[in-house]
Amino acid sequence: MLDVAALIFSYTFIFGSLYLGIALGFTIITGVLRIFHLGYGAIFLIAAYGTWMFWKDVGFGFIESIVLSFALVALFSFLIYQVVIKKFWEMEDYLLAALIAVFIIIEELVNYAYPEIVGVYLPTTIIEGSISIGPASIPGQLAATSVIAILMVICYLLIFTKTKTGLIMRAISQDIFASQLVGVNFDRMFIVAMILASLPPAIIMLLIAPIWALNPFIGWPLFTYAIVVSVLGGLGNLRGTIMASYIIGFIHAAVGFSLDPRLMLLASLVVVVAVLVFRPEGLARAETIW
Amino acid sequence: MLEVSNLTKRFGGVIAVNEVSFEVEKGEIIGLIGPNGAGKSTLVNLISGFYLPDSGKIRFLGEDITKKKMHERAKMGIARTFQNPRLISNMTAIMNVMYAVLGSERGSKLSLVEAYGEAAYYLDIFDMLKKRDVLVADLPIYELRLLELARALALKPKILLIDEAMAGLNPAEAERVSKLINRIREEFDLTIIWIEHVLKIIMRSVERILVMHYGKLIADDTPEKVVRMPEVVEAYIGEEVV
Ligand SMILES: Nc1ncnc2c1ncn2[C@@H]1O[C@H](COP(=O)(O)OP(=O)(O)OP(=O)(O)O)[C@@H](O)[C@H]1O
Ligand SMILES: [Mg+2]
(Lines give C-alpha, C1' and ligand atoms only; values in the text may rest on other atoms or scores of the structure.)
(Ligands and ions follow the chains in the order given, each with its own letter.)
Protein backbone atom coordinates (compact mmCIF):
# COMPACT_ATOMS: atom_id res chain seq x y z
CA MET A 1 0.00 0.00 0.00
CA LEU A 2 2.73 2.35 1.01
CA ASP A 3 4.62 1.35 -2.11
CA VAL A 4 1.73 2.24 -4.36
CA ALA A 5 1.41 5.61 -2.63
CA ALA A 6 5.11 6.26 -3.14
CA LEU A 7 4.85 5.25 -6.79
CA ILE A 8 1.87 7.49 -7.36
CA PHE A 9 3.62 10.34 -5.61
CA SER A 10 6.84 10.08 -7.60
CA TYR A 11 5.11 9.56 -10.89
CA THR A 12 2.82 12.51 -10.27
CA PHE A 13 5.99 14.54 -10.22
CA ILE A 14 7.49 12.76 -13.24
CA PHE A 15 4.39 12.84 -15.44
CA GLY A 16 3.40 16.29 -14.28
CA SER A 17 6.77 17.79 -15.10
CA LEU A 18 6.86 16.00 -18.42
CA TYR A 19 3.42 17.32 -19.44
CA LEU A 20 4.41 20.75 -18.23
CA GLY A 21 7.43 20.66 -20.51
CA ILE A 22 5.34 19.45 -23.42
CA ALA A 23 2.66 22.12 -22.92
CA LEU A 24 4.96 25.03 -22.05
CA GLY A 25 5.41 26.29 -25.58
CA PHE A 26 1.77 25.78 -26.47
CA THR A 27 0.74 27.84 -23.46
CA ILE A 28 3.12 30.65 -24.39
CA ILE A 29 1.69 30.84 -27.90
CA THR A 30 -1.89 30.72 -26.68
CA GLY A 31 -1.09 33.27 -24.01
CA VAL A 32 0.83 35.81 -26.05
CA LEU A 33 -0.61 35.45 -29.56
CA ARG A 34 -4.05 34.33 -28.41
CA ILE A 35 -4.28 31.68 -31.08
CA PHE A 36 -4.69 27.93 -30.91
CA HIS A 37 -1.53 26.61 -32.54
CA LEU A 38 -2.73 23.40 -34.15
CA GLY A 39 0.62 23.04 -35.89
CA TYR A 40 2.41 22.70 -32.54
CA GLY A 41 2.77 18.93 -32.93
CA ALA A 42 5.01 19.40 -35.96
CA ILE A 43 7.70 20.91 -33.72
CA PHE A 44 8.28 17.54 -32.03
CA LEU A 45 8.74 15.88 -35.40
CA ILE A 46 11.08 18.54 -36.77
CA ALA A 47 13.24 18.39 -33.64
CA ALA A 48 13.59 14.60 -33.66
CA TYR A 49 13.78 13.90 -37.37
CA GLY A 50 15.70 17.07 -38.11
CA THR A 51 18.41 15.93 -35.72
CA TRP A 52 18.45 12.52 -37.39
CA MET A 53 18.61 14.10 -40.85
CA PHE A 54 21.53 16.40 -40.04
CA TRP A 55 23.29 13.57 -38.23
CA LYS A 56 22.81 10.59 -40.54
CA ASP A 57 21.95 12.10 -43.90
CA VAL A 58 23.98 15.28 -43.96
CA GLY A 59 26.79 13.99 -41.82
CA PHE A 60 27.17 16.53 -39.03
CA GLY A 61 28.25 15.50 -35.56
CA PHE A 62 25.49 14.54 -33.16
CA ILE A 63 25.65 17.66 -30.99
CA GLU A 64 25.87 19.92 -34.04
CA SER A 65 22.86 18.14 -35.48
CA ILE A 66 20.88 18.88 -32.32
CA VAL A 67 21.80 22.53 -32.51
CA LEU A 68 20.90 22.63 -36.20
CA SER A 69 17.56 20.96 -35.54
CA PHE A 70 16.78 23.65 -32.96
CA ALA A 71 17.62 26.26 -35.58
CA LEU A 72 15.30 24.44 -37.97
CA VAL A 73 12.53 24.44 -35.37
CA ALA A 74 13.01 28.16 -34.83
CA LEU A 75 12.94 28.78 -38.58
CA PHE A 76 9.79 26.69 -38.87
CA SER A 77 8.07 28.74 -36.17
CA PHE A 78 9.17 31.97 -37.78
CA LEU A 79 7.79 30.89 -41.15
CA ILE A 80 4.56 29.63 -39.63
CA TYR A 81 4.08 33.09 -38.19
CA GLN A 82 5.06 35.02 -41.29
CA VAL A 83 3.29 32.88 -43.85
CA VAL A 84 0.29 31.37 -42.07
CA ILE A 85 -0.59 33.16 -38.85
CA LYS A 86 -0.16 36.69 -40.16
CA LYS A 87 -2.12 35.95 -43.29
CA PHE A 88 -5.10 34.39 -41.55
CA TRP A 89 -4.92 36.52 -38.42
CA GLU A 90 -8.50 37.72 -38.64
CA MET A 91 -9.94 34.51 -40.06
CA GLU A 92 -9.77 32.02 -37.27
CA ASP A 93 -11.30 29.04 -39.07
CA TYR A 94 -8.89 29.36 -41.99
CA LEU A 95 -6.04 29.78 -39.55
CA LEU A 96 -6.87 26.60 -37.67
CA ALA A 97 -7.32 24.64 -40.89
CA ALA A 98 -4.03 25.93 -42.29
CA LEU A 99 -2.11 25.15 -39.11
CA ILE A 100 -3.35 21.61 -38.89
CA ALA A 101 -2.67 21.13 -42.59
CA VAL A 102 0.94 22.17 -42.01
CA PHE A 103 1.19 19.65 -39.18
CA ILE A 104 -0.11 16.84 -41.40
CA ILE A 105 2.16 17.83 -44.28
CA ILE A 106 5.21 17.70 -42.04
CA GLU A 107 4.04 14.38 -40.67
CA GLU A 108 3.59 12.90 -44.14
CA LEU A 109 6.98 14.21 -45.24
CA VAL A 110 8.60 12.61 -42.21
CA ASN A 111 6.74 9.38 -42.82
CA TYR A 112 7.89 9.41 -46.42
CA ALA A 113 11.52 10.09 -45.64
CA TYR A 114 11.86 8.11 -42.42
CA PRO A 115 9.14 5.46 -42.07
CA GLU A 116 9.17 3.49 -38.86
CA ILE A 117 11.29 0.68 -40.36
CA VAL A 118 14.22 3.07 -40.71
CA GLY A 119 14.56 2.71 -36.95
CA VAL A 120 15.38 6.31 -36.15
CA TYR A 121 17.10 6.40 -32.78
CA LEU A 122 18.63 9.35 -30.97
CA PRO A 123 21.18 8.60 -28.23
CA THR A 124 20.31 11.53 -25.99
CA THR A 125 20.33 9.57 -22.78
CA ILE A 126 21.58 11.62 -19.85
CA ILE A 127 20.90 9.17 -17.02
CA GLU A 128 21.08 5.45 -17.77
CA GLY A 129 19.15 2.82 -15.88
CA SER A 130 16.82 3.75 -13.12
CA ILE A 131 17.04 5.64 -9.89
CA SER A 132 15.07 4.81 -6.79
CA ILE A 133 13.28 7.27 -4.61
CA GLY A 134 12.32 5.33 -1.50
CA PRO A 135 10.44 2.25 -2.66
CA ALA A 136 9.75 3.70 -6.11
CA SER A 137 12.09 3.08 -8.98
CA ILE A 138 12.05 5.58 -11.84
CA PRO A 139 13.79 5.45 -15.22
CA GLY A 140 16.72 7.83 -14.90
CA GLN A 141 16.07 9.52 -18.23
CA LEU A 142 12.49 10.33 -17.23
CA ALA A 143 13.73 11.84 -13.99
CA ALA A 144 16.28 13.90 -15.92
CA THR A 145 13.61 15.06 -18.36
CA SER A 146 11.37 16.13 -15.49
CA VAL A 147 14.10 18.13 -13.85
CA ILE A 148 15.01 19.82 -17.12
CA ALA A 149 11.35 20.59 -17.80
CA ILE A 150 11.11 22.31 -14.43
CA LEU A 151 14.30 24.24 -15.06
CA MET A 152 12.88 25.40 -18.39
CA VAL A 153 9.70 26.59 -16.75
CA ILE A 154 11.74 28.51 -14.20
CA CYS A 155 13.78 30.07 -17.01
CA TYR A 156 10.68 31.16 -18.84
CA LEU A 157 9.10 32.54 -15.70
CA LEU A 158 12.25 34.58 -15.13
CA ILE A 159 12.04 35.84 -18.69
CA PHE A 160 8.40 36.80 -18.24
CA THR A 161 8.87 38.49 -14.88
CA LYS A 162 12.37 39.91 -14.98
CA THR A 163 13.14 41.03 -18.51
CA LYS A 164 11.91 43.85 -20.68
CA THR A 165 10.89 41.48 -23.44
CA GLY A 166 8.97 39.39 -20.93
CA LEU A 167 7.18 42.37 -19.52
CA ILE A 168 6.21 43.55 -22.97
CA MET A 169 4.98 40.08 -23.86
CA ARG A 170 2.90 39.87 -20.72
CA ALA A 171 1.36 43.22 -21.54
CA ILE A 172 0.63 42.14 -25.11
CA SER A 173 -0.97 38.98 -23.80
CA GLN A 174 -3.33 41.10 -21.73
CA ASP A 175 -4.11 43.88 -24.11
CA ILE A 176 -2.68 44.01 -27.57
CA PHE A 177 -4.50 47.24 -28.23
CA ALA A 178 -2.85 49.07 -25.33
CA SER A 179 0.44 47.77 -26.65
CA GLN A 180 0.01 49.36 -30.04
CA LEU A 181 -0.96 52.52 -28.27
CA VAL A 182 2.38 52.82 -26.53
CA GLY A 183 4.32 52.10 -29.68
CA VAL A 184 5.09 48.42 -29.19
CA ASN A 185 5.72 46.57 -32.43
CA PHE A 186 3.71 43.49 -31.57
CA ASP A 187 4.64 41.81 -34.81
CA ARG A 188 8.24 41.53 -33.67
CA MET A 189 7.18 40.39 -30.22
CA PHE A 190 5.01 37.67 -31.73
CA ILE A 191 7.98 36.34 -33.66
CA VAL A 192 10.07 36.31 -30.49
CA ALA A 193 7.26 34.50 -28.66
CA MET A 194 6.87 31.94 -31.45
CA ILE A 195 10.57 31.14 -31.39
CA LEU A 196 10.81 31.08 -27.60
CA ALA A 197 7.80 28.77 -27.53
CA SER A 198 9.29 26.33 -30.01
CA LEU A 199 12.31 25.43 -27.91
CA PRO A 200 10.72 23.58 -24.96
CA PRO A 201 8.87 21.01 -27.10
CA ALA A 202 12.03 20.46 -29.14
CA ILE A 203 14.13 19.91 -26.01
CA ILE A 204 11.57 17.60 -24.41
CA MET A 205 11.26 15.61 -27.61
CA LEU A 206 14.99 14.96 -27.77
CA LEU A 207 15.10 13.99 -24.11
CA ILE A 208 12.33 11.45 -24.33
CA ALA A 209 13.42 10.13 -27.73
CA PRO A 210 15.52 7.27 -26.29
CA ILE A 211 12.70 5.99 -24.06
CA TRP A 212 9.68 6.73 -26.21
CA ALA A 213 9.78 4.71 -29.41
CA LEU A 214 10.16 7.32 -32.14
CA ASN A 215 7.76 7.08 -35.06
CA PRO A 216 6.50 9.62 -37.59
CA PHE A 217 3.17 9.92 -35.79
CA ILE A 218 4.52 10.71 -32.35
CA GLY A 219 3.49 14.33 -32.80
CA TRP A 220 -0.15 13.53 -32.12
CA PRO A 221 0.00 12.05 -28.61
CA LEU A 222 2.39 14.78 -27.52
CA PHE A 223 0.17 17.44 -29.05
CA THR A 224 -2.81 15.86 -27.27
CA TYR A 225 -1.08 16.23 -23.92
CA ALA A 226 -0.27 19.85 -24.69
CA ILE A 227 -3.90 20.56 -25.50
CA VAL A 228 -5.39 18.63 -22.59
CA VAL A 229 -3.12 20.38 -20.10
CA SER A 230 -3.61 23.83 -21.62
CA VAL A 231 -7.37 23.52 -21.83
CA LEU A 232 -7.61 22.34 -18.24
CA GLY A 233 -5.27 25.11 -17.14
CA GLY A 234 -7.29 27.80 -18.86
CA LEU A 235 -5.57 28.34 -22.21
CA GLY A 236 -2.62 30.60 -22.23
CA ASN A 237 -1.95 30.96 -18.54
CA LEU A 238 1.26 29.51 -17.13
CA ARG A 239 -0.05 29.21 -13.58
CA GLY A 240 -2.99 27.22 -14.87
CA THR A 241 -0.74 25.07 -17.03
CA ILE A 242 1.49 24.25 -14.06
CA MET A 243 -1.48 23.28 -11.91
CA ALA A 244 -3.11 21.31 -14.71
CA SER A 245 0.09 19.43 -15.55
CA TYR A 246 0.42 18.03 -12.06
CA ILE A 247 -3.28 17.30 -11.77
CA ILE A 248 -3.14 15.29 -15.00
CA GLY A 249 0.13 13.78 -13.78
CA PHE A 250 -1.56 12.70 -10.59
CA ILE A 251 -4.55 11.22 -12.40
CA HIS A 252 -2.27 9.28 -14.72
CA ALA A 253 -0.12 8.03 -11.87
CA ALA A 254 -3.09 7.11 -9.71
CA VAL A 255 -5.05 5.37 -12.46
CA GLY A 256 -1.95 3.79 -13.94
CA PHE A 257 -0.74 2.22 -10.72
CA SER A 258 -3.98 1.39 -8.96
CA LEU A 259 -6.33 0.59 -11.86
CA ASP A 260 -5.11 0.03 -15.38
CA PRO A 261 -2.51 1.97 -17.35
CA ARG A 262 -4.73 1.74 -20.40
CA LEU A 263 -7.30 3.94 -18.65
CA MET A 264 -4.87 6.78 -17.96
CA LEU A 265 -5.66 9.08 -20.85
CA LEU A 266 -9.36 8.30 -20.70
CA ALA A 267 -9.50 9.12 -16.99
CA SER A 268 -7.77 12.44 -17.45
CA LEU A 269 -10.02 13.40 -20.36
CA VAL A 270 -13.11 12.64 -18.28
CA VAL A 271 -11.77 14.87 -15.54
CA VAL A 272 -10.94 17.65 -17.99
CA VAL A 273 -14.41 17.55 -19.51
CA ALA A 274 -15.99 17.49 -16.05
CA VAL A 275 -13.95 20.52 -14.95
CA LEU A 276 -14.82 22.38 -18.13
CA VAL A 277 -18.52 21.77 -17.66
CA PHE A 278 -18.39 23.56 -14.32
CA ARG A 279 -15.62 26.00 -15.12
CA PRO A 280 -15.40 26.56 -18.87
CA GLU A 281 -12.57 29.04 -18.49
CA GLY A 282 -10.33 26.31 -17.04
CA LEU A 283 -8.54 26.37 -13.71
CA ALA A 284 -7.02 29.82 -14.10
CA ARG A 285 -8.63 32.64 -15.95
CA ALA A 286 -6.64 33.18 -19.10
CA GLU A 287 -6.43 36.93 -19.21
CA THR A 288 -2.69 36.91 -19.04
CA ILE A 289 0.22 34.57 -19.54
CA TRP A 290 1.39 35.07 -15.93
CA MET B 1 2.89 70.12 -37.46
CA LEU B 2 -0.36 68.24 -38.03
CA GLU B 3 -2.28 68.63 -41.24
CA VAL B 4 -5.62 66.94 -41.81
CA SER B 5 -7.16 67.27 -45.25
CA ASN B 6 -10.57 66.14 -46.49
CA LEU B 7 -10.67 63.35 -43.96
CA THR B 8 -13.72 61.11 -44.26
CA LYS B 9 -14.79 58.05 -42.30
CA ARG B 10 -18.04 56.14 -42.79
CA PHE B 11 -19.61 53.49 -40.61
CA GLY B 12 -22.26 51.85 -42.77
CA GLY B 13 -24.63 54.69 -43.62
CA VAL B 14 -23.25 57.06 -41.00
CA ILE B 15 -20.62 59.54 -42.11
CA ALA B 16 -18.88 59.95 -38.77
CA VAL B 17 -16.22 62.31 -40.14
CA ASN B 18 -17.07 64.20 -43.28
CA GLU B 19 -14.42 66.00 -45.36
CA VAL B 20 -12.71 67.50 -42.34
CA SER B 21 -9.65 69.69 -42.91
CA PHE B 22 -7.57 71.72 -40.47
CA GLU B 23 -3.99 72.41 -39.49
CA VAL B 24 -2.32 72.48 -36.12
CA GLU B 25 0.81 74.50 -35.40
CA LYS B 26 3.42 73.43 -32.91
CA GLY B 27 2.60 74.54 -29.37
CA GLU B 28 -1.08 75.15 -30.00
CA ILE B 29 -3.75 73.97 -27.60
CA ILE B 30 -6.99 73.38 -29.42
CA GLY B 31 -10.39 72.49 -28.08
CA LEU B 32 -12.56 70.13 -30.11
CA ILE B 33 -16.22 70.27 -29.18
CA GLY B 34 -19.52 69.11 -30.59
CA PRO B 35 -22.74 67.39 -29.53
CA ASN B 36 -23.04 63.65 -28.95
CA GLY B 37 -22.16 61.65 -32.01
CA ALA B 38 -20.61 64.63 -33.79
CA GLY B 39 -17.56 62.61 -34.78
CA LYS B 40 -14.99 63.94 -32.29
CA SER B 41 -13.78 60.58 -31.04
CA THR B 42 -13.72 59.21 -34.56
CA LEU B 43 -11.49 62.10 -35.65
CA VAL B 44 -9.06 61.33 -32.84
CA ASN B 45 -9.22 57.65 -33.74
CA LEU B 46 -8.25 58.53 -37.29
CA ILE B 47 -5.35 60.74 -36.25
CA SER B 48 -3.99 58.18 -33.81
CA GLY B 49 -4.37 55.36 -36.32
CA PHE B 50 -7.06 53.35 -34.55
CA TYR B 51 -9.14 53.62 -37.72
CA LEU B 52 -7.98 54.17 -41.27
CA PRO B 53 -9.93 56.86 -43.16
CA ASP B 54 -12.03 56.10 -46.24
CA SER B 55 -10.51 59.12 -47.93
CA GLY B 56 -8.41 62.14 -47.12
CA LYS B 57 -4.89 62.62 -45.85
CA ILE B 58 -3.10 63.10 -42.56
CA ARG B 59 0.36 64.61 -42.44
CA PHE B 60 2.44 64.83 -39.29
CA LEU B 61 5.80 66.60 -39.11
CA GLY B 62 5.79 66.83 -42.87
CA GLU B 63 5.30 63.12 -43.36
CA ASP B 64 2.22 61.43 -44.79
CA ILE B 65 1.00 59.13 -42.02
CA THR B 66 -2.41 58.29 -43.47
CA LYS B 67 -1.57 54.60 -43.79
CA LYS B 68 0.80 54.22 -40.87
CA LYS B 69 0.02 51.75 -38.09
CA MET B 70 -0.97 52.87 -34.63
CA HIS B 71 2.30 51.80 -33.03
CA GLU B 72 4.31 53.63 -35.68
CA ARG B 73 2.37 56.81 -35.04
CA ALA B 74 2.88 56.40 -31.30
CA LYS B 75 6.62 56.14 -31.91
CA MET B 76 6.50 59.30 -34.05
CA GLY B 77 5.05 61.23 -31.12
CA ILE B 78 1.28 60.97 -31.29
CA ALA B 79 -0.16 60.07 -27.90
CA ARG B 80 -3.77 59.96 -26.82
CA THR B 81 -6.20 59.25 -24.04
CA PHE B 82 -9.62 57.66 -24.30
CA GLN B 83 -13.13 58.70 -23.50
CA ASN B 84 -13.36 55.38 -21.65
CA PRO B 85 -9.89 54.86 -20.25
CA ARG B 86 -8.09 51.95 -21.87
CA LEU B 87 -5.40 50.69 -19.59
CA ILE B 88 -4.19 47.19 -18.83
CA SER B 89 -6.51 46.36 -15.99
CA ASN B 90 -4.63 43.39 -14.51
CA MET B 91 -1.47 45.42 -14.11
CA THR B 92 -0.55 47.95 -11.48
CA ALA B 93 -0.59 51.66 -12.17
CA ILE B 94 3.16 51.94 -12.45
CA MET B 95 3.45 48.91 -14.72
CA ASN B 96 1.10 50.57 -17.17
CA VAL B 97 3.28 53.65 -17.34
CA MET B 98 6.47 51.62 -17.35
CA TYR B 99 5.14 49.75 -20.31
CA ALA B 100 4.78 53.00 -22.21
CA VAL B 101 8.34 53.96 -21.30
CA LEU B 102 9.58 50.62 -22.62
CA GLY B 103 7.47 50.85 -25.74
CA SER B 104 8.88 54.23 -26.70
CA GLU B 105 11.92 54.78 -28.88
CA ARG B 106 14.27 55.22 -25.91
CA GLY B 107 12.81 52.17 -24.15
CA SER B 108 15.16 49.74 -25.83
CA LYS B 109 18.13 51.48 -24.25
CA LEU B 110 16.73 51.58 -20.71
CA SER B 111 17.11 48.93 -18.06
CA LEU B 112 14.04 47.78 -16.18
CA VAL B 113 15.13 49.75 -13.14
CA GLU B 114 15.58 52.93 -15.18
CA ALA B 115 12.22 52.43 -16.84
CA TYR B 116 10.63 51.99 -13.42
CA GLY B 117 12.26 55.21 -12.27
CA GLU B 118 10.94 57.11 -15.25
CA ALA B 119 7.48 55.68 -14.77
CA ALA B 120 7.55 56.83 -11.16
CA TYR B 121 8.51 60.30 -12.32
CA TYR B 122 5.50 60.53 -14.62
CA LEU B 123 3.17 59.17 -11.97
CA ASP B 124 4.45 61.78 -9.58
CA ILE B 125 3.57 64.62 -11.93
CA PHE B 126 -0.04 63.54 -11.60
CA ASP B 127 0.26 62.93 -7.89
CA MET B 128 -0.30 59.22 -8.48
CA LEU B 129 2.93 57.88 -7.04
CA LYS B 130 1.19 56.72 -3.88
CA LYS B 131 -1.08 54.57 -6.04
CA ARG B 132 1.71 52.96 -7.99
CA ASP B 133 1.10 49.43 -6.76
CA VAL B 134 -2.67 49.51 -7.05
CA LEU B 135 -4.20 47.38 -9.80
CA VAL B 136 -5.78 49.47 -12.51
CA ALA B 137 -9.02 47.55 -12.07
CA ASP B 138 -9.25 48.99 -8.54
CA LEU B 139 -8.80 52.64 -9.46
CA PRO B 140 -11.69 55.15 -9.62
CA ILE B 141 -12.36 57.03 -12.84
CA TYR B 142 -10.57 60.18 -11.73
CA GLU B 143 -7.35 58.28 -11.17
CA LEU B 144 -7.79 56.32 -14.38
CA ARG B 145 -7.89 59.59 -16.28
CA LEU B 146 -4.74 60.80 -14.53
CA LEU B 147 -3.04 57.49 -15.22
CA GLU B 148 -3.92 57.67 -18.89
CA LEU B 149 -2.40 61.13 -19.05
CA ALA B 150 0.72 59.85 -17.28
CA ARG B 151 1.00 56.99 -19.73
CA ALA B 152 0.56 59.31 -22.70
CA LEU B 153 3.19 61.67 -21.33
CA ALA B 154 5.61 58.80 -20.79
CA LEU B 155 5.72 58.36 -24.54
CA LYS B 156 7.30 61.83 -24.72
CA PRO B 157 4.75 62.81 -27.32
CA LYS B 158 4.92 65.81 -29.60
CA ILE B 159 1.17 66.00 -29.82
CA LEU B 160 -1.32 64.85 -27.21
CA LEU B 161 -4.90 64.01 -28.14
CA ILE B 162 -7.19 64.09 -25.13
CA ASP B 163 -10.63 62.52 -25.57
CA GLU B 164 -12.76 63.92 -22.75
CA ALA B 165 -10.58 64.22 -19.71
CA MET B 166 -13.47 65.53 -17.65
CA ALA B 167 -16.29 63.10 -18.31
CA GLY B 168 -17.45 61.45 -15.12
CA LEU B 169 -15.52 63.77 -12.82
CA ASN B 170 -16.90 66.13 -10.17
CA PRO B 171 -16.17 69.87 -10.58
CA ALA B 172 -13.23 69.87 -8.17
CA GLU B 173 -11.60 66.91 -9.91
CA ALA B 174 -12.26 68.43 -13.31
CA GLU B 175 -10.60 71.63 -12.16
CA ARG B 176 -7.51 69.71 -11.02
CA VAL B 177 -7.27 67.78 -14.28
CA SER B 178 -7.57 70.99 -16.24
CA LYS B 179 -4.75 72.57 -14.21
CA LEU B 180 -2.56 69.51 -14.74
CA ILE B 181 -3.11 69.55 -18.47
CA ASN B 182 -2.07 73.19 -18.61
CA ARG B 183 0.95 72.43 -16.49
CA ILE B 184 2.24 69.57 -18.60
CA ARG B 185 1.61 71.56 -21.73
CA GLU B 186 4.04 74.21 -20.55
CA GLU B 187 6.53 71.92 -18.91
CA PHE B 188 6.77 69.49 -21.80
CA ASP B 189 6.23 71.92 -24.63
CA LEU B 190 3.23 69.96 -25.91
CA THR B 191 0.81 70.52 -28.71
CA ILE B 192 -2.65 69.47 -27.57
CA ILE B 193 -6.00 68.69 -29.15
CA TRP B 194 -8.50 68.45 -26.36
CA ILE B 195 -11.99 67.07 -26.83
CA GLU B 196 -14.74 67.99 -24.43
CA HIS B 197 -18.41 67.63 -24.85
CA VAL B 198 -19.10 71.06 -23.40
CA LEU B 199 -17.07 74.14 -24.09
CA LYS B 200 -17.36 75.74 -20.65
CA ILE B 201 -14.77 73.46 -19.12
CA ILE B 202 -12.02 74.15 -21.61
CA MET B 203 -12.95 77.68 -22.60
CA ARG B 204 -10.28 79.23 -20.37
CA SER B 205 -7.56 76.76 -21.29
CA VAL B 206 -7.60 76.82 -25.07
CA GLU B 207 -6.90 79.47 -27.64
CA ARG B 208 -8.71 77.93 -30.53
CA ILE B 209 -11.84 75.85 -30.85
CA LEU B 210 -12.93 73.41 -33.52
CA VAL B 211 -16.62 72.58 -33.55
CA MET B 212 -17.96 69.42 -35.14
CA HIS B 213 -21.54 68.63 -35.97
CA TYR B 214 -22.77 65.56 -37.85
CA GLY B 215 -19.23 64.76 -38.91
CA LYS B 216 -18.56 68.18 -40.37
CA LEU B 217 -16.25 70.85 -39.06
CA ILE B 218 -18.62 73.80 -38.64
CA ALA B 219 -16.37 76.29 -36.85
CA ASP B 220 -12.70 76.97 -36.25
CA ASP B 221 -12.03 80.11 -34.26
CA THR B 222 -11.31 81.60 -30.83
CA PRO B 223 -13.58 80.49 -27.99
CA GLU B 224 -15.15 83.93 -27.69
CA LYS B 225 -16.12 84.02 -31.35
CA VAL B 226 -17.21 80.41 -31.54
CA VAL B 227 -19.87 80.73 -28.85
CA ARG B 228 -21.48 83.56 -30.77
CA MET B 229 -21.72 81.71 -34.05
CA PRO B 230 -25.34 80.90 -34.92
CA GLU B 231 -24.39 77.50 -36.45
CA VAL B 232 -22.74 76.49 -33.22
CA VAL B 233 -25.58 77.62 -31.02
CA GLU B 234 -27.97 75.80 -33.32
CA ALA B 235 -25.95 72.60 -33.17
CA TYR B 236 -26.27 72.68 -29.44
CA ILE B 237 -29.99 73.53 -29.31
CA GLY B 238 -31.50 71.95 -26.28
CA GLU B 239 -28.05 71.57 -24.85
CA GLU B 240 -25.72 73.87 -23.07
CA VAL B 241 -22.83 75.34 -25.08
CA VAL B 242 -21.28 77.57 -22.51
N1 LIG C 1 -16.95 51.75 -34.45
C2 LIG C 1 -18.08 52.32 -34.89
N3 LIG C 1 -18.97 51.60 -35.60
C4 LIG C 1 -20.11 52.16 -36.04
N5 LIG C 1 -20.44 53.45 -35.85
C6 LIG C 1 -19.59 54.22 -35.15
C7 LIG C 1 -18.36 53.69 -34.63
N8 LIG C 1 -17.71 54.68 -33.99
C9 LIG C 1 -18.49 55.76 -34.09
N10 LIG C 1 -19.62 55.52 -34.79
C11 LIG C 1 -20.67 56.47 -35.14
O12 LIG C 1 -20.05 57.59 -35.67
C13 LIG C 1 -20.67 58.78 -35.20
C14 LIG C 1 -19.65 59.65 -34.50
O15 LIG C 1 -19.28 59.04 -33.26
P16 LIG C 1 -18.16 59.61 -32.31
O17 LIG C 1 -17.95 58.62 -31.24
O18 LIG C 1 -16.99 59.99 -33.10
O19 LIG C 1 -18.85 60.89 -31.74
P20 LIG C 1 -18.38 61.86 -30.58
O21 LIG C 1 -18.42 63.22 -31.14
O22 LIG C 1 -17.13 61.40 -29.98
O23 LIG C 1 -19.57 61.72 -29.55
P24 LIG C 1 -19.57 61.72 -27.94
O25 LIG C 1 -19.66 63.12 -27.50
O26 LIG C 1 -20.81 60.96 -27.61
O27 LIG C 1 -18.33 61.03 -27.51
C28 LIG C 1 -21.81 58.34 -34.32
O29 LIG C 1 -22.99 58.33 -35.08
C30 LIG C 1 -21.43 56.94 -33.91
O31 LIG C 1 -22.57 56.17 -33.68
MG1 LIG D 1 -16.54 60.72 -28.18
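The structure displayed is predicted, hence computed values, not measured ones. Chain letters run A, B, ... following the sequence lines, proteins first and then strands; every chain starts at 1.
- Heavy atoms closer than 4.5 Å to chain A are found nowhere in I78(B), neither backbone nor side chain.
- Residues Q174(A) and M91(B) form a side-chain contact, since some pair of their non-hydrogen atoms from C-beta on lies under 4.5 Å apart.
- A distance of 6.5 Å separates NZ of K69(B) from CG of D187(A), quoted to the nearest 0.5 Å.
- Annotation: F188(B), atom CZ; neighbour count of heavy atoms from other residues, nucleotides and ligands within 6.0 Å is above 12.
- In this structure, K130(B) places its NZ atom where more than 12 heavy-atom neighbours from other residues, nucleotides or ligands lie under 6.0 Å away.
- For the atom pair NE2 (H71(B)) and CZ (R188(A)), the distance works out to 8.5 Å, reported to the nearest 0.5 Å.
- With a threshold of 4.5 angstrom between heavy atoms, I172(A) approaches chain B through its backbone and through its side chain.
- Of all the listed residues (S48(B), A79(B), A154(B), G103(B)), the one sharing the greatest number of non-hydrogen pairs under 4.5 Å with chain A is G103(B).
- Between A74(B) and V182(A), the shortest heavy-atom distance links the atoms CB-C, 4.1 Å.
- For the atom pair M70(B) CE and Q180(A) CD, the distance stands at 4.0 Å (nearest 0.5 Å).
- Contact record, V184(A) with Y99(B): CG2-OH, 3.8 Å, taken as the closest heavy-atom pair.
- Rounding to the nearest 0.5 Å gives a distance of 8.5 Å between OG of S173(A) and CD1 of I88(B).
- Interatomic distance, K164(A) NZ to E114(B) CD, rounded to the nearest 0.5 Å: 8.0 Å.
- Heavy-atom pairs under 4.5 Å with chain B were tallied for T163(A), L181(A), L167(A); the largest tally goes to L181(A).
- More than 12 non-hydrogen atoms from other residues, nucleotides or ligands lie less than 6.0 angstrom from CZ of R185(B).
- Neither the backbone nor the side chain of M76(B) comes within less than 4.5 Å of any heavy atom of chain A.
- Within a 6.0 Å sphere centred on CZ of F250(A), other residues, nucleotides and ligands contribute 12 heavy atoms or fewer.
- Per-residue counts of heavy-atom pairs under 4.5 Å with chain A were compared for L155(B), L87(B), N90(B); the largest is that of N90(B).
- Residue R73(B): no heavy atom, backbone or side chain, is found under 4.5 Å from chain A.
- Shown here is E186(B), whose CD atom has no more than 12 heavy atoms of other residues, nucleotides or ligands within 6.0 Å.
- With sequence neighbours excluded, the residues satisfying ring-ring contact (aromatic ring centres under 6.0 Å, His included) with F82(B) are F177(A).
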